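Residue numbers start from 1 in every chain, and the chains themselves are labelled A, B, ... in the order their sequence lines are given, proteins ahead of strands. Note that the structure is predicted; figures quoted are calculated from it, not measured. These values consider heavy atoms only, across backbone and side chains, with no hydrogens, waters or symmetry-generated copies.
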Protein chains: 2
Amino acid sequence: MDVRTLCLGILALGDATGYEIRKMVAEGSFSFFSEASYGSIYPALTRLTEEGLVTYQTTPQSKRPDKKVYNLSPAGREELTRALRRDPGPDKNRSEFLASLLFAEAVSPERVNELIGDRLRQHRQKIDSLKSLLDEDMTPASSFVVQFGIAVQQAALDFLENNRGMLEGIGTRKKRKSASA
Amino acid sequence: MDVRTLCLGILALGDATGYEIRKMVAEGSFSFFSEASYGSIYPALTRLTEEGLVTYQTTPQSKRPDKKVYNLSPAGREELTRALRRDPGPDKNRSEFLASLLFAEAVSPERVNELIGDRLRQHRQKIDSLKSLLDEDMTPASSFVVQFGIAVQQAALDFLENNRGMLEGIGTRKKRKSASA
DNA sequence: ATTAATATATATCGAAATGATATGTATGAG
DNA sequence: CTCATACATATCATTTCGATATATATTAAT
């Protein structure tokens, strides 16, 4: 999903500033399945404004840049509906962790073990943070998505705990000078 | 993981052409957690060659561009080891599907239902294709990663099957001309 | 008490990556 | 016999990332 459509969708749920949009995708209940940086969000909002798909009210603030609260225009809502009619593309899962494991022949077994330990901790942390999101009042869709995230994280955690034995002996230690040849 | 390191890692597992690398990340056992397009792979290989981290042998082919089989140089292997010493960043999961659900207030309940049906099919297909990868002979690490993928896909599938009821009544149908005002 | 870090809020910019396309043939399916 | 897929390289416009700049208020740590 391009940042453009992402912004339209978020604004469909309520007015927001660019800063708030960024926060939602980076830390909020959107963080599980999307991300976008300032470098893409602000230009997107500018363009959407030019196209009349969003509008904004400026709230002056002393000692701080004026706050621009964006809201979806009727044309923007139509554009969102059109975008959502298209079939969503397949999910994309990127994992440096799994890549590192695959290439782990080049690293020591201790490093592999450390990698997995770190990973287990990260999964537990992620699950906790998702669970705490559930406390806040949410729409059913939002709750569904967060619970989905929890389920997937939990499955990853369980798999790692139950199968790390498979990686016994993965990794190479630096060969000491070989006797042969 | 940048494409550069990805290429080094893949070449550490065996020599390959740019075309083959692309195929591995797009369809092979790497497809679960990484992706890269020609537009990033070919320039990366060119730069790696310039830097002496990979070399290649040209296999002339009539009626087809010459095949360039790349292989990792000792310097490249060192660079890979250095890269793998850095802590892997967090996973990134992007899902247009989940985003669509969150924004689904703007679409019809039927569309939501259709979305989920499609999704169930896609998960089953993905699981099948991952399972068929397991038949091929694999390194332990490779097998671990694929089984990890299966576990996660299965968890997502199970969640959808068991909880789609949560989305009952999500979505709005176009209001017919309201009696009131 | 003072330093350090975090949060608010906008915005830009170089570097990286995507997704599509160009080129041209061989092969297998329908 | 036609059409799609596989092989194999490569480029390019557009999009996105990740870092940085600017400036202050608040909270946390030592």
Side-chain angles (χ1 to χ4, degrees), chain A residues 1-8 10 15-28 30-31 33-51 54 56-70 83 86 89-94 96 99, chain B residues 1-8 10 15-28 30-31 33-51 54 56-70 83 86 89-94 96 99:
Chain A
M1 175 165 299
D2 56 11
V3 175
R4 195 184 140 78
T5 309
L6 190 64
C7 287
L8 289 177
I10 289 176
D15 297 350
T17 65
Y19 180 80
E20 286 165 345
I21 291 175
R22 159 83 211 313
K23 229 189 147 190
M24 292 169 90
V25 297
E27 298 160 43
F30 294 76
S31 63
F33 61 85
S34 69
E35 220 201 319
S37 58
Y38 293 131
S40 56
I41 291 172
Y42 283 116
L45 289 172
T46 302
R47 212 185 115 199
L48 288 169
T49 303
E50 283 163 8
E51 293 172 359
V54 305
Y56 67 86
Q57 283 77 46
T58 302
T59 305
Q61 301 194 120
S62 58
K63 318 283 186 188
R64 200 162 290 189
D66 288 354
K67 193 192 271 201
K68 291 181 182 174
V69 181
Y70 288 87
R86 291 192 284 273
D91 287 9
K92 287 173 191 171
N93 304 99
R94 306 281 177 97
E96 278 195 19
Chain B
M1 174 166 301
D2 57 11
V3 176
R4 197 183 139 77
T5 309
L6 190 63
C7 287
L8 289 177
I10 288 176
D15 297 350
T17 65
Y19 181 81
E20 286 166 344
I21 290 174
R22 160 79 213 313
K23 231 190 145 190
M24 292 170 90
V25 297
E27 298 159 43
F30 294 76
S31 63
F33 60 84
S34 68
E35 219 202 319
S37 58
Y38 293 132
S40 56
I41 291 172
Y42 283 116
L45 289 172
T46 301
R47 212 183 115 200
L48 289 169
T49 302
E50 284 162 9
E51 294 172 357
V54 304
Y56 66 87
Q57 284 77 46
T58 302
T59 306
Q61 301 193 120
S62 57
K63 319 286 186 182
R64 200 163 289 188
D66 288 354
K67 193 192 272 199
K68 291 181 182 176
V69 181
Y70 288 87
R86 292 191 284 275
D91 286 9
K92 286 172 192 170
N93 305 100
R94 305 280 178 98
E96 277 194 20

Nearest-0.5 Å distance, CD of residue B:E50 to CG of residue B:L45: 11.0 Å

Rounded distance [0.5 Å steps], CD1 in A:I10 versus CG in A:D15: 12.5 Å

Salt bridge present between A:K68 and A:E20 (N-O < 4.0 angstrom): no

Between [atom2] of [N] and [atom1] of [X], the distance in whole Å:
| X | N | atom1 | atom2 | value |
| --- | --- | --- | --- | --- |
| A:L6 | D:dT16 | CG | C1' | 12 Å |
| A:M1 | D:dC17 | CE | C1' | 19 Å |
| A:L45 | D:dT16 | CG | C1' | 15 Å |

Partner residues of A:R22 under the side-chain hydrogen bond (donor to acceptor under 3.5 Å, both in side chains) criterion, sequence neighbours left out: A:Y38

Sub-4.5 Å side-chain heavy-atom contact between A:S34 and A:L6: yes

Side-chain heavy-atom pair B:T59, B:D66 within 4.5 angstrom cut-off: no

Sugar-phosphate only, base, or nothing, as touched by A:R4 at under 4.0 Å among non-hydrogen atoms: nothing

Touch class at under 4.0 angstrom, heavy-atom based, for B:R94 against every strand present: sugar-phosphate

Along DNA chain C, first and last positions that approach a heavy atom of chain B under 4.0 Å: C:dA17 to C:dA26

Minimal non-hydrogen separation, A:E96 against B:M1, with atom names: OE2-N, 2.7 Å

Non-hydrogen atoms of A:S40 and A:V3 that approach each other most closely: OG-CG2, 3.5 Å

Under 4.0 Å protein heavy-atom contacts per nucleotide of nucleotides 3-12 of chain D, with B for base, S for backbone only and - for none: ---SBBBBBB

